Amino acid sequence: MKEALIQAAIEAREKAYAPYSRYKVGAALLGKSGKIYTGCNVENASYGATICAERSACVKAVSEGETAFEMLAVAVGGDQPSSPCGICRQFLAEFGLDLQLILVNMDGKRIECRLRDYLPGAFTPDNLNEGRDSIGLSQT
Ligand code: THU
């Protein structure tokens, strides 16, 4: 499954809309259901309106009714794999800090870690009075 997820991220990267940065990113998010949701970065002439590949995959999944995830593969070009940006870390943390991350570049370099490694002291739904239960997310 890990290899299939990496392949899906590499293929999703081909769809990146990155005319400004030319930095293409692909993501593939594995739901607990076993379904894979892919995403790519989608840039905008108003640069700040850009959405990253990780969030694009996550929004796709949530909008299809899936909110529990096992693993996220992120594929980039360049010399080294790259980690999700701060906004994406926070966005993904909403759905659980145990998310396994597989970060790859096109040369086959690979970094494996967990989202919690990249977001110590995360602010999550548990910090709110409502907690995860009442918003329909499982505890992590
Ligand atoms: N980008 C992502 O898609 N994911 C990240 O985690 C980091 C940055 C995109 C946003 C923008 O389109 C390009 O990479 C350069 O920042």
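As the structure is a computational prediction, the values presented were derived from the model and not from experiment. Basis for what follows: all heavy atoms, side chains included, without hydrogens, waters or symmetry-related copies. Numbering of ligands and ligand atoms starts at 1, following listing order.
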In terms of residue, atom name and distance, what is the protein heavy atom nearest to [atom]?
{"atom": "atom 11 (C) of ligand 1", "result": "E43 OE2, 3.3 Å"}
{"atom": "atom 9 (C) of ligand 1", "result": "N41 ND2, 3.6 Å"}
{"atom": "atom 14 (O) of ligand 1", "result": "Y23 CD2, 3.3 Å"}
{"atom": "atom 1 (N) of ligand 1", "result": "C52 SG, 3.6 Å"}

- Hey, which atoms in ligand 1 end up nearer than 4.0 Å to a heavy atom of S21?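 Counting atoms of ligand 1 from 1, those under 4.0 Å from S21 are 13 (C), 15 (C).
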- Item | Per-atom contacts of ligand 1 with E54, taking only distances under 4.0 Å to non-hydrogen atoms | 2 (C), 3 (O), 4 (N), 5 (C), 6 (O)
- Message: Looking at R89 and E54, is any side-chain nitrogen of the basic one under 4.0 Å from a carboxylate oxygen of the acidic one?
- Response: no
- Query: Any ion pair linking D98 and R116 (charged N to carboxylate O, less than 4.0 Å)?
  - Reply: yes
May I ask you to check whether [X] has an N/O atom sitting below 3.5 Å from an N/O atom of ligand 1?
{"X": "T50", "value": "no"}
{"X": "C85", "value": "yes"}
{"X": "P84", "value": "no"}

- Where the closest heavy atom to atom 3 (O) of ligand 1 is concerned, which of C40, A16, A53 has it?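 Answer by nearest heavy atom: A53.
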- Under 4.0 Å from atom 16 (O) of ligand 1, is there any protein heavy atom?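 So atom 16 (O) of ligand 1 lacks protein heavy-atom neighbours under 4.0 Å.
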- Message: Please check if the number of heavy atoms outside I111 that lie under 6.0 Å from its CD1 is greater than 12.
- Response: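 Yes - once you tally the heavy atoms of other residues, nucleotides and ligands closer than 6.0 Å, there are more than 12.
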- Message: Restricting to non-hydrogen atoms, name the atom on L103 and the atom on C113 that form the minimum distance, rounded to 0.1 Å.
- Response: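 So the minimum-distance heavy-atom pair works out to CD1-SG, 4.5 Å.
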- Would you kindly say whether Y37 and E66 are connected by a side-chain donor-acceptor distance under 3.5 Å? yes
Any sub-3.5 Å donor-acceptor pair from [X]'s side-chain atoms to [Y]'s backbone N or O?
{"X": "K15", "Y": "G39", "value": "no"}
{"X": "E43", "Y": "Y20", "value": "yes"}
{"X": "S21", "Y": "Y23", "value": "yes"}

